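These notes are about the structure you will find just below.
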Amino acid sequence: MRILIRTFFRALRAVLTPILLLGDKLTTPKSMERDPAEQAKVDAETRHLALYQFVACPFCVKTRRAIKRLGLNIELRDAQLDTEHRQALLEGGGKIQVPCLRIEHPDGRVEWMYESSDIIQYLEERFGNPGAAVTR
């Protein structure tokens with residue numbers, strides 16, 4: 001019975017994954033537009049961030065869309081297919097759960113933030129400036 005259930009969910013995932021990824025590509029949000037000096041500052045700050053994710057994870061898609069909408073250049077690390085990133089996530093964060101934002105603070109401390117809603121809220125509070133930004 002276990003094998004049957006496992007096979008069913010693998011088949012379901014094989015059918016839904018391309019649909020999820022196509023939908024994401026077709027409905028990608030527009031990025032915030034910042035003046036070049038402000039964007040350079042944001043880019044410098046995002047060099048200390050990395051998102052551990054799985055390509056077809058719905059919560060990761062949600063987080064990547066928020067990153068795109070905010071116009072952030074955050075390194076994406078595939079923890080599903082890349083064994084080095086998977087191991088780093090396990091050792092640093094303590095569990096293989098995605099999405100996970102790795103935040104390297106100026107004092108050298110590293111924080112691992114799980115949960116898509118928490119990550120999006122953190123990014124919006126830190127980088128979102130709706131009054132000064134214009135969507136393109």
Side-chain angles (χ1 to χ4, degrees):
M1 185 65 170
R2 241 184 191 164
I3 294 172
L4 183 63
I5 293 171
R6 189 175 300 143
T7 304
F8 170 76
F9 281 109
R10 283 185 181 161
L12 184 63
R13 197 173 313 131
V15 170
L16 293 179
T17 295
I19 295 169
L20 176 72
L21 295 177
L22 179 63
D24 180 39
K25 282 283 188 205
L26 295 175
T27 62
T28 299
K30 295 179 181 181
S31 297
M32 290 176 67
E33 190 174 294
R34 298 180 178 91
D35 65 72
E38 185 181 349
Q39 186 63 48
K41 181 183 174 206
V42 168
D43 290 344
E45 291 180 33
T46 58
R47 275 189 232 128
H48 304 287
L49 303 176
L51 182 71
Y52 288 81
Q53 47 101 36
F54 294 170
V55 174
C57 164
F59 298 103
C60 298
V61 169
K62 173 183 168 183
T63 305
R64 287 193 310 265
R65 292 173 64 82
I67 289 170
K68 173 69 174 166
R69 184 176 39 77
L70 291 168
L72 305 176
N73 295 318
I74 295 177
E75 179 185 358
L76 301 178
R77 298 181 178 175
D78 189 340
Q80 185 173 19
L81 301 176
D82 188 316
T83 55
E84 289 181 27
H85 291 322
R86 187 178 189 89
Q87 190 61 32
L89 177 61
L90 180 60
E91 290 174 5
K95 56 186 172 181
I96 298 174
Q97 177 185 326
V98 292
C100 180
L101 184 66
R102 182 185 185 274
I103 306 165
E104 188 175 329
H105 294 280
D107 62 4
R109 182 175 48 93
V110 175
E111 178 182 354
W112 297 82
M113 182 180 292
Y114 291 93
E115 299 300 328
S116 59
S117 297
D118 293 342
I119 294 169
I120 292 168
Q121 180 180 2
Y122 169 80
L123 294 174
E124 286 176 345
E125 288 173 1
R126 184 165 176 196
F127 300 107
N129 191 353
V134 180
T135 57
R136 53 176 141 140

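From a predicted model like this one, the values you see are computed outputs, not experimental measurements.
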Open item on the list: A side-chain contact here means heavy atoms from C-beta on lying under 4.5 Å apart; do Y114 and D118 qualify?
Closed with: no
Task: Distance in Å, D24 CG paired with C60 SG, rounded so as to fall on 0.5 Å steps - done: 11.0 Å
Open item on the list: Keeping T28 on the side-chain end and K25 on the backbone end, is there a donor-acceptor pair under 3.5 Å?
Closed with: yes
Task: In one Ile/Leu/Val/Met/Phe/Trp/Tyr side-chain cluster, 4.5 Å: L123, F59 - done: no
Show which side-chain atoms of residues 87-105 pair as donor or acceptor with protein atoms under 3.5 Å away, not counting sequence neighbours.
{"from": "Q87", "atom 1": "NE2", "to": "E91", "atom 2": "OE2", "distance (Å)": "2.8"}
{"from": "K95", "atom 1": "NZ", "to": "Q97", "atom 2": "OE1", "distance (Å)": "3.2"}
{"from": "Q97", "atom 1": "NE2", "to": "E115", "atom 2": "OE2", "distance (Å)": "3.2"}
{"from": "R102", "atom 1": "NH1", "to": "E104", "atom 2": "OE1", "distance (Å)": "3.4"}
{"from": "H105", "atom 1": "NE2", "to": "E111", "atom 2": "OE1", "distance (Å)": "2.9"}

Open item on the list: Go through it in stages, so that I can follow the logic: the residues are V55 and L76, the test is side chain to side chain contact (heavy atoms under 4.5 Å, CB included), and I'd like the CA-CA distance, side-chain angles, deciding distance and then a yes or no.
Closed with: CA-CA 10 Å; V55 174; L76 301 178; over 6 Å; no
Task: Residues, nucleotides or ligands: over 12 heavy atoms within 6.0 Å of Y122 OH - done: yes
- [ ] Provide the closest heavy-atom pair for H85 versus A79 in the form atom of the first, atom of the second, distance.
- [x] CB-CA, 4.4 Å
- [ ] Decide whether F8 and I5 are clustered together by the hydrophobic rule: side chain heavy atoms of Ile, Leu, Val, Met, Phe, Trp, Tyr closer than 4.5 Å, transitively.
- [x] yes
Open item on the list: Looking at L12, I'd like to know if its CG atom is crowded, meaning that more than 12 non-hydrogen atoms belonging to other residues, nucleotides or ligands lie closer than 6.0 Å.
Closed with: yes
Task: Least distance between heavy atoms, G128 atom then L70 atom - done: CA-CD2, 3.8 Å
Open item on the list: As a quick check of understanding, evaluate side chain to side chain contact (heavy atoms under 4.5 Å, CB included) for K62 and S117, giving each step before the final call.
Closed with: CA-CA 9 Å; K62 173 183 168 183; S117 297; 3.2 Å; yes
Open item on the list: Check for me, please, whether I119 and L72 land in the same ILVMFWY cluster - side-chain distances under 4.5 Å, paths through other members count.
Closed with: yes
- [ ] May I ask you to test the R69-E124 pair for a side-chain heavy-atom distance under 4.5 Å?
- [x] yes
Just distance, no hydrogens or angles: give the donor-acceptor pairs under 3.5 Å from side chains in residues 42-54, sequence neighbours left out.
{"from": "D43", "atom 1": "OD1", "to": "Q39", "atom 2": "NE2", "distance (Å)": "2.9"}
{"from": "D43", "atom 1": "OD1", "to": "N73", "atom 2": "ND2", "distance (Å)": "2.7"}
{"from": "D43", "atom 1": "OD2", "to": "N73", "atom 2": "ND2", "distance (Å)": "3.4"}
{"from": "T46", "atom 1": "OG1", "to": "V42", "atom 2": "O", "distance (Å)": "3.3"}
{"from": "T46", "atom 1": "OG1", "to": "D43", "atom 2": "O", "distance (Å)": "3.0"}
{"from": "T46", "atom 1": "OG1", "to": "N73", "atom 2": "O", "distance (Å)": "3.1"}
{"from": "Y52", "atom 1": "OH", "to": "R77", "atom 2": "NH1", "distance (Å)": "2.6"}
{"from": "Q53", "atom 1": "OE1", "to": "R64", "atom 2": "NH1", "distance (Å)": "2.5"}

Task: Spatial distance of atom CE (M32) from atom NZ (K68) [nearest 0.5 Å] - done: 13.0 Å
